[in-house]
Amino acid sequence: DGGITQSPKYLFRKEGQNVTLSCEQNLNHDAMYWYRQDPGQGLRLIYYSQIVNDFQKGDIAEGYSVSREKKESFPLTVTSAQKNPTAFYLCASSTRRSSPLHFGNGTRLTVT
Amino acid sequence: AQSVSQHNHHVILSEAASLELGCNYSYGGTVNLFWYVQYPGQHLQLLLKYFSGDPLVKGIKGFEAEFIKSKFSFNLRKPSVQWSDTAEYFCAVRGSSASKIIFGSGTRLSIRP
């Protein structure tokens, strides 16, 4: 079955360490997105990519970085510059600009 | 810049009550509108969407939403809720000239059996 795989489900890191969250899709979707979900704040867009080797900053890109070397993969790195990294991270994809998003199951990152 | 407001943070209803969740957006042009639902422990899934045409759109599980352009609103409705509708509901908007989808802060719906 096609879908979006985010791994791991839970991730723990010490403050000051960079950490990379994985997102893989086998839906052949062109566009991929990273959102952060915090209680009471909904989903906030971190980065998005419409095609391979191209990506744009979302509303809260500071302290994060991404790459899009392959169509099916869109990893997110949470750097030590992100001041409040503990959150639930959601990856999504879509076929084209006007289509809805398909979501992965998310990665819960805890930084202590 | 586009934005979405969901004014109800937590709604509590009894089974069989009618539901209306508010959603207002800010964008100067044509929009695509979405409602997503997140059931406890599950991933986000699409309830319904509006792209063009009939402003009253029907989605899964008996939900519907009405796009009122003059009010920049896309409220979600259900005539009679069930306990299984307990979830968090998110409104989202994509401007026609934009690639990104912006979400509201969400509304938690709790249904009393």
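Sequence lines set the chain letters: A, B, ... in the order given, protein chains first and strands last, and positions in each chain run from 1. Just so it is clear, the values below take in all heavy atoms, side chains as well, and ignore hydrogens, waters and symmetry mates.
- Rounding to the nearest 0.5 angstrom, the gap separating the OG atom in A/Ser99 from the CG atom in B/Asn32 is 9.0 Å.
- Within residues 59-88 of chain A, the residues approaching chain B closer than 4.5 Å by heavy atoms are, in numerical order, A/Asp59, A/Phe88.
- Scanning both residues, B/Ser105 and A/Gly40, for their nearest heavy atoms gives CB-O, 3.6 Å.
- For a residue to count as touching a neighbouring chain, one of its non-hydrogen atoms must lie under 4.5 Å from one of that chain's; by this rule B/Leu44 touches chain A with backbone and side chain alike.
- A continuous path of ILVMFWY side-chain contacts below 4.5 Å connects B/Trp35 to B/Ile60, so both sit in one hydrophobic cluster.
- Residues A/Tyr35 and B/Ile101 share a closest heavy-atom pair of OH-O, 2.6 Å.
- When heavy atoms are compared at a cutoff of 4.5 Å, B/Gln38 approaches chain A solely by way of its side chain, counted from C-beta outward.
- Ranked by heavy-atom pairs under 4.5 Å with chain A, the list B/Gln6, B/Gln45, B/His43 is led by B/His43.
- Cluster membership check: B/Leu56 does not share its hydrophobic cluster with B/Phe34, using side-chain heavy-atom separations under 4.5 Å among Ile, Leu, Val, Met, Phe, Trp and Tyr.
- Cluster membership for B/Leu109 and B/Leu47, using ILVMFWY side-chain heavy atoms within less than 4.5 angstrom, is shared.
- For A/Gln37, the part sitting under 4.5 Å from any heavy atom of chain B is the side chain, from C-beta outward, and nothing else.
- Proximity to chain B is absent for every atom of A/Ile4, based on heavy atoms less than 4.5 angstrom apart.
- Inspection of non-hydrogen atoms places A/Phe103, A/Gly104, A/Asn105 of residues 102-110 of chain A under 4.5 Å from chain B.
- Close approach to chain A, defined as a heavy atom under 4.5 Å from one of its heavy atoms, is seen in B/Glu88, B/Phe90 of residues 70-91 of chain B, taken by number.
- Hydrophobic clustering keeps B/Phe103 apart from A/Tyr89 (ILVMFWY residues linked when any side-chain heavy atoms are closer than 4.5 Å, directly or through intermediates).
- Below 4.5 Å, heavy atoms of chain B meet heavy atoms from A/Gln41, A/Gly42, A/Leu43, A/Leu45, A/Tyr48, all part of residues 41-48 of chain A.
- Linking ILVMFWY residues whenever their side-chain heavy atoms come closer than 4.5 Å, directly or via other members, leaves A/Val52 and A/Tyr33 in distinct clusters.
- By the 4.5 Å heavy-atom criterion applied to side chains, A/Ser94 and B/Arg94 are counted as neighbours.
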